[in-house]
Asker: 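Input: one structure, supplied below.
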Amino acid sequence: SLPCDIYGAAGTPCVAAHSTTRALYAAYNGPLYQVQRASDSARTTIGLLAAGGYANAAAQDSFCAGTTCIITEIYDQSPRHNDLTIEGPGGAGGQDTGVPADALPVTAGGHQVYGASFSGRMGYRDNTTSGVAVNGQPEGMYMITSGTHVNDRCCFDYGNAETNNLDTGNGHMDALNFGTECWFQPCNGTGPWVQADLENGLFQSSAGGSQNTANTGTKFPFVTALLKNNGQNFFALKDGNAQSGSLRTTYSGPEPTTGSGYAPMHQEGAIVLGTGGDNSNGSIGSFFEGVMTAGLPTDAADNAVQANVVSVGYGGPTGTTGSLTPGSEISVRATTACCTGDYLRHQNDSAVLSPVSSGSSALDKSDATWIVRKGLADASCVSFESRNYPGDFLRHFNFKVQRQPMDGSAAFRADATFCPVAGKNGQGTSFRSYNYPAKYLRHFNFSVYIADTSGTNAWDSATSYNDDTSWVAGQPWAP
Ligand code: AHR
Ligand code: AHR
């Protein structure tokens, strides 16, 4: 059974089921989301490969070939048709935009699919829903998100919100929140935390944040975030690794006591994704799937849903390795005599050159593993997605190469696109910058740049240039 089959059988049916990656009912065979392309503004819906299966990402790739697409609608798979469209202006943020449709390529069920990657000022909403809890009714919700693409701005949310995009007071929201914004200082560790946005506060417990030492945050590349609320005198928060294991309950107890209005709750029944209730839209985040239920789900149903999510194998190995074909996982070795045991890896968000060997830590191996993608600006070239930071790509900025989340902009796409040519020293491959075609991917003093031989910057030195710009793409270090 899939998540909404599980919740339905447990007597708490889904009233919202949103995903860009897969069906959330075994019998569902309708559309998942709608994309719009930049070239002619045409739209199409992306559906499933089979009933109860995975997104037909190839249909998106072909519709968006040679141009770019954004996601304009995320359909509700539940019979309630609570579809999410791009969010309009609110009390704290102007009109939002849709997420780039190709920014978060992942594997699910062995298929290449796309998650939704939110930069600031991106969000979706439905202010006229059916069946969603209002005025103290019980509900539950979960979403699959990522612990590597977060910030401390308000508010990466999924769940129940106001119907007018304004902050209408305590208890008028009941939404999952995920990020590093600590509303009630201090919080435990650096996050990101799964929290409850109940309006005018991101709650980790009835008292707020610091008092809840159980909420240590969760940094997994794929995170299960879960909230349930009986609307009267109880809410609970759970988190988990969406790739393995079970859920952890970080809070289960009374409604907040930090102000009036939370017991009972006053939910309004709109659904928000990617912003706060008043469209506070400074936050970033990732979304793969999420549901909301009518009624308070049982813990047994939550556990069965987590088991189903784990079985999907989000983000697992693509099955192809060692080549520069899109979808292949690789590690990239330097060929300069100094450095033939050194690999291109990210560290503290920058691209650097580091020794990696079979004895290296799992983190070093993951940081040195890249998934080859079709070039974000030119499909005949390539881009490099981080293996352990889904949706983050290598891009240059001020000619220095770094790991950053894809924001959908033309500048990002160009900066993250590299065109492979024969290695300049006769070994492997050199990677020409798409938007600075005189410059190539180069290591210099163990940092990584796009460089030429002009001498303009220190890294544009002619010394060792052909060796420093020649790389061998081979088997990935990460398992
Ligand atoms: O509760 C946190 C945020 O506060 C809400 O999402 C928003 O509506 C308000 O600004
Ligand atoms: O890296 C060179 C340029 O620096 C990039 O194209 C741009 O994003 C930044 O201004």
Side-chain angles (χ1 to χ4, degrees), residues 16 84 86-96 118-127 129 132-136 139 141 143 145 150-187 191-212 215 217 225 227-229 231 235-237 250-251 254-285 287 290 292:
L84 299 172
I86 296 173
E87 186 170 357
Q95 173 69 46
D96 290 308
F118 291 74
S119 301
R121 296 183 299 282
M122 294 178 183
Y124 297 86
R125 197 152 180 141
D126 181 7
N127 283 338
T129 63
V132 178
V134 294
N135 288 323
E139 63 183 336
M141 65 202 76
M143 71 169 163
T145 182
V150 295
N151 70 3
D152 62 359
R153 303 284 307 282
C154 181
C155 286
F156 187 72
D157 288 354
Y158 174 69
N160 198 320
E162 292 92 343
T163 53
N164 62 0
N165 296 12
L166 302 176
D167 176 351
T168 54
N170 294 354
H172 285 247
M173 293 183 69
D174 182 27
L176 275 162
N177 172 266
F178 190 66
T180 53
E181 180 171 22
C182 176
W183 195 283
F184 298 100
Q185 304 278 342
C187 292
W193 303 278
V194 174
Q195 313 184 98
D197 188 346
L198 305 180
E199 192 50 279
N200 298 316
L202 305 177
F203 292 89
Q204 299 186 10
S205 73
S206 59
S210 62
Q211 300 80 354
N212 185 357
N215 198 338
L227 163 66
K228 50 186 164 185
N229 193 326
F235 81 102
L237 288 165
T250 61
Y251 178 73
E255 304 280 10
T257 51
T258 54
S260 61
Y262 299 109
M265 294 283 291
H266 298 90
Q267 309 102 304
E268 297 188 17
I271 302 174
V272 70
L273 171 60
T275 75
D278 58 4
N279 191 23
S280 293
N281 58 9
S283 55
I284 66 173
F287 181 84
M292 299 170 67

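Just so you know, ligand 1 is whichever comes first in the structure, and atom 1 is the first atom listed for that ligand. For the numbers below, each heavy atom of this structure counts, side chains included, while hydrogens, waters and symmetry mates do not.
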Asker: List every atom of ligand 1 that sits less than 4.0 Å from any heavy atom of N200, numbering the atoms from 1 in the order shown and giving each element.
Answerer: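 What qualifies from ligand 1 is 1 (O), 2 (C), 4 (O).
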Asker: So, is G277 polar-close to ligand 1, with some N/O to N/O distance under 3.5 Å?
Answerer: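 Yes, there is a polar N/O contact under 3.5 Å.
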Asker: Just by distance, no angles: are the side chains of T275 and E87 close enough, under 3.5 Å, to form a donor-acceptor pair?
Answerer: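 Yes, E87 and T275 have a side-chain donor paired with an acceptor closer than 3.5 Å.
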Asker: Please could you name the atoms of ligand 1 that G201 approaches to less than 4.0 Å, counting only its heavy atoms?
Answerer: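 Going through ligand 1 atom by atom, the ones under 4.0 Å from G201 are 1 (O), 2 (C).
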Asker: Determine yes or no for a side-chain-to-main-chain donor-acceptor pair under 3.5 angstrom, with T180 supplying the side chain and N151 the backbone.
Answerer: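 Side chain of T180 to backbone of N151, a donor-acceptor pair under 3.5 Å: yes, one is there.
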Asker: Within a distance under 4.0 Å of any heavy atom of S280, pick out the atoms of ligand 1 and give their elements.
Answerer: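 Within the 4.0 Å cut-off of S280, ligand 1 contributes 10 (O).
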Asker: Report yes or no: does E162 have a heavy atom closer than 4.0 Å to ligand 1?
Answerer: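 In this structure, E162 fails to qualify as a contact of ligand 1 - no heavy atom is under 4.0 Å.
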Asker: Once rounded to the nearest 0.5 Å, what's the spacing between atom CD of Q267 and atom CG of N135?
Answerer: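 Here the interatomic distance stands at 7.5 Å.
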Asker: Would you compute the distance between atom CG of N160 and atom OG1 of T129 and round it to the nearest 0.5 angstrom?
Answerer: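 Going from CG on N160 over to OG1 on T129, the span is 7.5 Å.
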Asker: May I ask you to identify, for C154, whether its side chain, its backbone, both or neither come under 4.0 Å of ligand 1 on a heavy-atom basis?
Answerer: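 Side chain only.
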Asker: Going by the angle between their ring planes, with limits at 30° and 60°, are F118 and F156 parallel, tilted or perpendicular?
Answerer: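 F118 and F156: perpendicular rings.
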Asker: Assess D157 for proximity to ligand 1: is some non-hydrogen atom of it under 4.0 Å away?
Answerer: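 For ligand 1, residue contact (heavy atoms, under 4.0 Å) with D157 is present.
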Asker: In terms of relative ring orientation, are F203 and Y262 parallel, tilted or perpendicular, with 30° and 60° separating the classes?
Answerer: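 It falls in the perpendicular class, over 60°.
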Asker: How close does the nearest protein non-hydrogen atom get to atom 10 (O) of ligand 1, and which residue and atom is it?
Answerer: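 Result for atom 10 (O) of ligand 1: D278 OD2, 2.7 Å.
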Asker: So, the side chain of N229 versus the backbone of F235: is there a donor-acceptor pair under 3.5 Å, distance only?
Answerer: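 Between the backbone of F235 and the side chain of N229 there is no qualifying donor-acceptor contact (under 3.5 Å).
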Asker: With a cut-off of 4.0 Å, which atoms of ligand 1 are near a heavy atom of G276?
Answerer: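 The list of qualifying atoms is 6 (O).
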Asker: Hey, is D197 touching ligand 1 through its side chain, its backbone, both or neither, going by heavy atoms under 4.0 Å?
Answerer: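 The side chain, only.
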Asker: Would you say N212's side chain and T250's backbone share a donor-acceptor pair under 3.5 angstrom?
Answerer: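 Yes, N212 side chain to T250 backbone: donor-acceptor pair under 3.5 Å.
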Asker: Using modelled atom types only, decide if a donor and an acceptor are shared between the side chain of N279 and the backbone of G94 within a distance under 3.5 Å.
Answerer: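 Such a contact is found between N279 side chain and G94 backbone.
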Asker: Any nitrogen or oxygen of L198 lying under 3.5 Å from a nitrogen or oxygen in ligand 1? Just yes or no.
Answerer: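 N/O-N/O distance below 3.5 Å does not exist for this pair.
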Asker: Suppose we measure from atom 5 (C) of ligand 1 to each protein heavy atom; which comes out shortest, and what is that distance?
Answerer: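 Going by distance alone, atom 5 (C) of ligand 1 is nearest to E199 OE1, 3.2 Å.
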Asker: Between N177 and ligand 1, which part of the residue brings a heavy atom under 4.0 Å of the ligand: side chain, backbone, both or neither?
Answerer: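 No part of N177 is near ligand 1 at this cut-off.
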